2 protein chains.
Amino acid sequence: MTGPRAASASYLKVKQHLKDGLAEGRWRPGQLMPSEAELVAQFGVSRMTVNRALRELQAEGLVERVQGVGTFAAQLHHVSSTLTIRDLHEEIEERGHRHDAQVHLQAREPANAAVAHRLGVKPGAMVFHTLIVHRENGVALQCEDRYVNPAVAPDYLGVDFTRITPTRYLLQVAPIWDAEYVLSACPASPEEARLLDIAEGDACLVIERRTVFRGVPITWARLVHPGVRYQIAGRFSP
Amino acid sequence: MTGPRAASASYLKVKQHLKDGLAEGRWRPGQLMPSEAELVAQFGVSRMTVNRALRELQAEGLVERVQGVGTFAAQLHHVSSTLTIRDLHEEIEERGHRHDAQVHLQAREPANAAVAHRLGVKPGAMVFHTLIVHRENGVALQCEDRYVNPAVAPDYLGVDFTRITPTRYLLQVAPIWDAEYVLSACPASPEEARLLDIAEGDACLVIERRTVFRGVPITWARLVHPGVRYQIAGRFSP
DNA sequence: CAGTGGTCTAGACCACGAC
DNA sequence: TCGTGGTCTAGACCACTGA
């Protein structure tokens, strides 16, 4: 007997059974849950099938598994959410609106201490720096202040960023990377206020993001959004 | 031959090989990638092993798989990030600081139209409403304005929220749920400014979150944080 | 030592899409 | 029809943990 018969696959049935039990509190956080062997006997499926169910629950953060010990109901401490950071150009186009970018700066300059640390270069080393304002239907939506490691994207200064966003360009140079980010709310500085056409001190949503490709820092960006015009939405489970 | 020999498991080797190829641009977004059968031949492993590697890459958003067609390199459109939303009490205690909560409101009241819609009840139906300020070492960190569906947490009004946070209490009532959230930056309202001991109009980081348990709305909360005192940090890969 | 999870195999049947 | 991915099996060896 194999193949998905009626509604769902076997591993999904096992998974749902355990999920239901966790939701009902049948296993309190930290408590030992049934072993693979027990579930094999209970559901009459092979161990690989049970293993897949448990592995996916682990990936979702619902259970913790320790080799040689067992599977435990996860603590409730935190929940993981999936936050989708899109390329702004695509996001705007998808809304059926028009995106354009104003390039206020695109230059080579020596890194100050803070930038040097974030890009993993020596203070004073030359790095690339862009300052770009992205607009949706002519309304400023994001002020992108970005520093780039020249070793990773040597042609960065030659790119026409009115035609492609730095994010998208860098994704082409290094399609896979790790990132760290910090979200915060800040009052607009005088310069930011001027660039975004808002009042000085207005609340802004700020994302600072550093990306790393194979251990080498690629770029560090500070993305400032007018609070009244920009939100980040998402959903997650559990 | 089986078991993890030297450094890593077979499925990890297959996975890393494909990840490297994607990073180098060997397969451009949308392009067809090797089939399971090809990878089986190339690596000399079983199909289940290759399947696991591909399934995990799919879960990570690096490839897209279509039954009957093949596996494709994913588009670069977006990246998924893991944002960890912790229980504020635990977060503060973990920093070695002291958390306390000031309960400004804990009452039953009729839902207005907006709240009724978010909690899936009729306008005018009675719901629970709490307004709590959380402090770290005596400094206000979060103003939590929360509405709760009485059907899910009937004992909500009897809970002492100076001893347990609403988030943690609700996790006990419904350990597993789905959530939607919106992040934004807003100026502090007069009331928020008073509660958080900041100036009116100061930039605040706002999280609005709605959670659903088995299709039934549990709670909707608006969490307002002083921008100067609160940040959300995280990391993600790819 | 026994029990646990971690991984792997060499097959298998199925659903689906393209031809 | 053929090749694709989706799922499943009944074993297996291994590393690890705890008694």
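Because only heavy atoms are used, hydrogens play no part in the values below, and waters and symmetry mates are left out as well, while side chains stay in. Reminder, nothing fancy here: chain letters follow the sequence lines and each chain counts from 1. Here the structure is a predicted model, which is why all the values come from computation and not from measurement.
Of the two residues near DNA chain D, B:Leu54 and A:Gly44, the one whose nearest nucleotide lies more 5' is B:Leu54.
Close to C:dC8, at under 4.0 Å from its OP1 or OP2, lies a side-chain N or O of B:Ser10. Using a 4.0 Å cut-off, some side-chain N or O of B:Thr49 falls inside it from OP1 or OP2 of C:dT9. OP1 or OP2 of D:dT4 lies within a sub-4.0 Å distance of a side-chain N or O belonging to B:Ser35.
Comparing D:dG6, C:dT7, C:dA10 by their closest approach to the side chain of B:Arg47 singles out D:dG6. Here D:dT7 is the nucleotide among C:dT4, D:dT7, C:dC8 with the atom lying nearest to any side-chain atom of B:Met48.
Between atom CG of residue B:Leu62 and atom CG of residue B:Leu22 there is a gap of 6.0 Å, rounded to the nearest 0.5 Å.
One atom, CD of B:Glu36, and another, P of D:dT7, lie 11 Å apart when rounded to the nearest Å. If you take CD of A:Gln58 and P of C:dG6, they are 6 Å apart, rounded to a whole angstrom. As rounded to whole Å, 12 Å separates atom P of D:dT7 from atom CZ of A:Arg55. Look at CG on A:Leu39: it is 11 Å from P on C:dT4, rounded to the nearest Å. Atom pair A:Asn51:CG and C:dG3:C1' shows a separation of 16 Å (rounding to whole Å applied). A straight line from OH of A:Tyr11 to C1' of D:dT9 spans 16 Å, rounded to a whole angstrom. Atom pair B:Lys15:NZ and C:dC8:P shows a separation of 12 Å (rounding to whole Å applied). Here D:dG5 presents its P atom at 13 Å from CG of B:Leu57, a figure rounded to the nearest Å.
Taking the ring centre of B:Tyr181 as origin, the terminal cationic atom of B:Arg209 falls outside the region bounded by 6.0 Å and 45° from the ring axis.
Donor-acceptor pairing under 3.5 Å is recorded for the side chains of B:Glu144 and B:His134. A:Tyr147 and A:Thr130 share no side-chain donor-acceptor pair at under 3.5 Å. Counting only N and O atoms by type, the side chains of B:Asn51 and B:Arg47 include no donor and acceptor under 3.5 Å apart. B:Thr219 and B:Arg146 share a donor-acceptor pair across their side chains, judged by distance under 3.5 Å alone.
DNA chain C is contacted by B:Gln67, B:Gly68, B:Val69 of residues 63-70 of chain B, taking any non-hydrogen atom closer than 4.0 Å.
A salt bridge between A:Arg98 and A:Glu93 is absent, with no side-chain N of the basic residue lying under 4.0 Å from a carboxylate O of the acidic one.
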